[in-house]
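Working notes for the structure below.
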Amino acid sequence: MTRIKRGYIARRRRTKIRLFASSFRAAHSRLTRTITQQKIRALVSAHRDRDRKKRDFRRLWITRINAVIRERRVSYSYSRLIHDLYKRQLLLNRKILAQIAILNRNCLYMISNEIIKEVDWKESNRII
């Protein structure tokens, strides 16, 4: 019986996997079975952290807005600001509000003061 040499397909597949794991350390970049396990783990982490990144940025924006709002007015908070924005139907998302808070604080103070004036004025007219 003549000897049959294995094809190149399996080697090509392993080479492709090794290229993915070339930046990994130690056996994670050298041994085929370990490389496949680490590749699966890396892709799972990447998928999970794409959602986590959105969550983390939203938390950061909320923290920045709250810090700037509380700096000027002690009695005013982030939750009141957002509630009053919705009452007045101003559609500014948290990312834009955070950028305004960092780059131009006076603008954010003006927005919050206008909202306070209008909301207070409407509430005072309802009572009477």
Donor-acceptor contacts, no H, no angles, side chain residues 50-63, under 3.5 Å, sequence neighbours left out:
unit_1: K54; atom_1: NZ; unit_2: R50; atom_2: O; d: 3.2
unit_1: T63; atom_1: OG1; unit_2: R59; atom_2: O; d: 2.7

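Remark: of the listed residues L92, I69, L90, V68, L92 is the sole one forming a side-chain contact (heavy atoms from CB on, under 4.5 Å) with L97.
Put simply, the side chain of T36 reaches to within 4.5 Å of the side chain of I17, judged on heavy atoms. The shortest side-chain heavy-atom distance between R14 and I35 does not fall under the 4.5 Å cut-off. Using a 4.5 Å cut-off on side-chain heavy atoms (C-beta onward), I65 and I82 make no contact.
Here the OH atom belonging to Y109 is positioned 13.0 Å from the CD1 atom belonging to I100, to the nearest 0.5 angstrom. The CZ atom of R94 sits 12.0 Å away from atom CG of N66, with the distance rounded to the nearest 0.5 Å.
Checked against salt bridge (charged side-chain N to carboxylate O under 4.0 Å, His left out), R18 has no partners two or more places apart in sequence or in another chain. For R33, the side chain to side chain contact (heavy atoms under 4.5 Å, CB included) partners two or more places apart in sequence, or in a different chain, are Q37.
Applying the 4.5 Å side-chain rule to ILVMFWY residues, one finds F20, L43 in the same cluster as F24. L91 belongs to no multi-residue hydrophobic cluster, having no ILVMFWY side-chain contact under 4.5 Å with any other such residue. Hydrophobic cluster membership for I4: none, as no Ile, Leu, Val, Met, Phe, Trp or Tyr side chain comes under 4.5 Å of it.
Here the closest heavy-atom approach between residue L81 and residue S112 is recorded as CD1-CB, 4.0 Å. Residues S77 and R70 approach most closely at CB-NH2, 3.5 Å, considering heavy atoms.
Panel note: side chain S29, backbone R25; no donor-acceptor pair is recorded below 3.5 Å.
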